[in-house]
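Note sheet for the following structure.
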Amino acid sequence: MERAEAIENLKKLVGKELHELAHQFKITIYQGGKVNKGWAGHVFERHLQIPINSAQSPNFGSWELKSIPLKYKKDGKLAFKETMAITMIDPVHVCQKEFEESHLLMKLKKIVVVARIVGKNVDEPSYIHSVVEFDLQGEIYDAVKADYDLVRNTLLDPDKGFSALTGKMGYYIQPRTKGAGHGSTSRAFYARPRFLAKFIKL
DNA sequence: CTATGATCATCC
DNA sequence: GGATGATCATAG
């Protein structure tokens with residue numbers, strides 16, 4: 001499927017209620033009192049008839065699908081509820097590649113984001129807000145590159161290394177723990193709200 | 001077990 | 001309210 005075609009396809013979903021779609025595709029939201037945190041993303045992937053797998057990237061060759069939750073603040077305005085996971089950090093790869101060749105940049109250039117509005121928990125209705133693409137230019141590109149270099153330099157520093165990475169680092173992009181939990185120590189690049197705000201109109 | 005889809009829990 | 005670290009379901 002072409003990227004432009006998929007975007008058109010996703011835009012048809014604007015205004016739809018996600019729980020309804022999840023039910024149609026038989027996607028698990030609750031399992032024994034616990035939440036399937038990836039359910040929203042699976043709904044979109046199923047809608048586009050994309051196979052759900054855990055391979056690092058090319059969801060479908062030329063682009064990448066992400067979803068981000070939005071929420072209403074008490075004054076009635078919209079705000080980003082969470083940061084967005086972009087991709088896992090592979091220390092070896094990051095040390096060998098400059099930003100221009102990085103997996104991070106390749107991903108960012110391919111990402112299509114679906115912003116959706118959520119309530120205070122998964123039982124609240126969830127509606128699709130908009131579909132956007134990332135377009136790194138000028139100031140944004142340089143800032144993201146700086147964040148990548150910060151992570152890279154930390155990994156290359158003999159006194160720091162992988163374990164020194166923390167979510168406190170980075171202005172637009174941060175290195176943060178991510179994994180199956182229970183002792184997993186893998187980390188991923190996350191996009192901070194201020195980065196998302198550059199591309200998503202609230 | 002790990003990567004991907006992300007959100008939850010808790011701290012400030 | 002925003003930020004940071006931990007965690008869950010699914011699939012390979």
Side-chain angles (χ1 to χ4, degrees), chain A residues 10 18-19 21-23 25-61 63-94 103-104 106-108 110-124 126 128-129 147 150-151 154 162-197 200 202:
Chain A
L10 286 169
L18 281 182
H19 290 75
L21 295 174
H23 181 69
F25 296 122
K26 299 193 167 30
I27 292 169
T28 303
I29 296 180
Y30 268 122
Q31 184 66 259
K34 301 294 180 63
V35 183
N36 168 10
K37 298 178 181 178
W39 76 272
H42 292 170
V43 169
F44 300 125
E45 297 184 325
R46 278 277 172 54
H47 172 73
L48 295 175
Q49 308 194 345
I50 301 163
I52 297 176
N53 63 62
S54 60
Q56 200 176 12
S57 219
N59 249 339
F60 13 17
W63 57 287
E64 190 70 14
L65 179 64
K66 294 289 180 188
S67 147
I68 182 74
L70 303 177
K71 65 178 178 182
Y72 283 108
K73 292 195 293 189
K74 57 182 178 181
D75 61 3
K77 292 182 179 177
L78 278 173
F80 293 99
K81 183 187 176 191
E82 299 283 348
T83 45
M84 183 187 78
I86 300 172
T87 189
M88 295 296 289
I89 293 177
D90 178 341
V92 180
H93 180 91
V94 174
H103 191 175
L104 173 64
M106 295 303 105
K107 276 260 193 180
L108 288 175
K110 295 176 178 177
I111 289 179
V112 172
V113 183
V114 177
R116 61 200 185 78
I117 299 170
V118 302
K120 64 181 190 339
N121 63 254
V122 294
D123 291 323
E124 300 285 321
S126 184
I128 298 165
H129 173 271
D147 287 340
L150 174 62
V151 171
T154 299
F162 189 70
S163 62
L165 293 177
T166 163
K168 294 185 180 62
M169 306 169 85
Y171 184 73
Y172 280 129
I173 305 297
Q174 63 173 341
R176 186 130 71 98
T177 60
K178 179 190 189 299
H182 310 291
S184 173
T185 58
S186 57
R187 282 180 171 70
F189 283 112
Y190 278 75
R192 290 179 183 279
R194 63 164 65 94
F195 174 80
L196 300 172
I200 301 176
L202 296 181

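What you see below is based on every heavy atom in this structure, not just the backbone, and it leaves out hydrogens, waters and symmetry mates. Quick note on labels: first sequence line is chain A, next is B, and so on, each numbered from 1.
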Practice task
Tell me which nucleotide among B/dA3, C/dT10, C/dT4 gets nearest to the side chain of A/Ser186.
Solution key: B/dA3

Problem - All side-chain hydrogen bond (donor to acceptor under 3.5 Å, both in side chains) counterparts of A/His42, not counting sequence neighbours - result: none

Problem - Length of the line joining A/Lys73:NZ and C/dG2:C1', which is rounded to integer Å - result: 10 Å

Practice task
Have a look at A/Arg116 and say if it touches a base, only the backbone sugar-phosphate, or nothing, with a 4.0 Å heavy-atom cut-off.
Solution key: sugar-phosphate

Problem - N/O (side chain, A/Gln174) to phosphate O (OP1/OP2, C/dT4) under 4.0 Å - result: yes

Handout entry: Phosphate OP1/OP2 of B/dG5 contacted by A/Lys66 side-chain N/O (<4.0 Å)
Key = yes

Practice task
Nearest 0.5 Å please: distance from the CE atom of A/Met88 over to the NZ atom of A/Lys107.
Solution key: 10.5 Å

Practice task
Confirm from the modelled atom types if A/Thr177 and C/dA6 form a donor-acceptor pair under 3.5 Å, side chain to base only.
Solution key: yes

Problem - Of residues 165-172 of chain A, the positions that come close to DNA chain B - non-hydrogen atoms, cut-off under 4.0 Å - result: none

Handout entry: Nearest-Å distance for atom pair CH2/C1', residues A/Trp39 and C/dT7
Key = 18 Å

Fill in the blank from the handout: Taking for A/Phe80 and for A/His42 the nucleotide of DNA chain C with the nearest heavy atom, the one nearer the 5' end belongs to A/Phe80

Fill in the blank from the handout: Residues passing the side-chain contact (heavy atoms from CB on, under 4.5 Å) test with A/Lys77, sequence neighbours excluded, are A/Lys73, A/Asp75

Exercise for the section: List for me each residue that meets side-chain contact (heavy atoms from CB on, under 4.5 Å) alongside A/Met169, sequence neighbours excluded, and say none if there are none. Expected result: A/Leu150, A/Thr154, A/Leu165, A/Thr166, A/Pro175

Please write out each protein N/O paired with an N/O of nucleotides 10-12 of chain B under 3.5 Å, distance rounded to 0.1 Å.
none

Exercise for the section: Just compare B/dA6, C/dA6, B/dG5 and give me whichever is closest to any side-chain atom of A/Glu64. Expected result: B/dG5

Practice task
Go through the N and O atoms of the side chain of A/Tyr190 and the base of C/dA3, and report whether any donor-acceptor pair is under 3.5 Å.
Solution key: no

Handout entry: Residue A/Arg194, side-chain atoms from C-beta onward, closest of C/dT4, C/dA3, C/dT10
Key = C/dA3

Exercise for the section: Kindly say whether A/Ile117 contributes a backbone atom to a donor-acceptor pair with the side chain of A/Ser126 at under 3.5 angstrom? Expected result: yes

Completion exercise
Rounded to whole Å, NZ of A/Lys77 lies from P of C/dG2 at a distance of 12 Å

Practice task
Name the nucleic acid region contacted by A/Lys178, choosing base, sugar-phosphate or nothing; use a 4.0 angstrom heavy-atom cut-off, strictly under.
Solution key: base

Exercise for the section: Can you tell me the distance, in whole Å, between the CZ atom of A/Phe195 and the P atom of C/dA3? Expected result: 15 Å

Practice task
For A/Ala85, check side-chain contact (heavy atoms from CB on, under 4.5 Å) against everything at least two apart and list the hits.
Solution key: A/Lys178, A/Tyr190

Problem - Non-neighbouring partners of A/Phe195 that pass ring-ring contact (aromatic ring centres under 6.0 Å, His included), sequence neighbours left out - result: A/Phe134, A/Tyr172, A/Phe199

Fill in the blank from the handout: Residues at least two apart in sequence or cross-chain that pass side-chain hydrogen bond (donor to acceptor under 3.5 Å, both in side chains) with A/Thr177, listed by chain then number, are none

Exercise for the section: Could you pull out all residues at least two apart from A/His93 that satisfy side-chain contact (heavy atoms from CB on, under 4.5 Å)? Expected result: A/Asp90, A/Lys97, A/His103

Problem - Length of the CZ-P vector between A/Arg192 and C/dG1, whole Å - result: 19 Å

Problem - Closest-nucleotide 5' rank along DNA chain C - winner of A/Thr83 and A/Gly38 - result: A/Thr83

Exercise for the section: Would you mind reading off the distance between A/Met88 atom CE and B/dC1 atom P, rounded to a whole angstrom? Expected result: 15 Å

Exercise for the section: Look up atom CD1 in A/Ile128 and atom CG in A/Leu21, then write down how far apart they are to the nearest 0.5 Å. Expected result: 6.0 Å

Problem - Separation of atom NZ in A/Lys71 from atom C1' in B/dC8, rounded to whole Å - result: 13 Å

Handout entry: Nucleotide C/dA3, atom P - distance to NZ of A/Lys81 in whole Å
Key = 15 Å

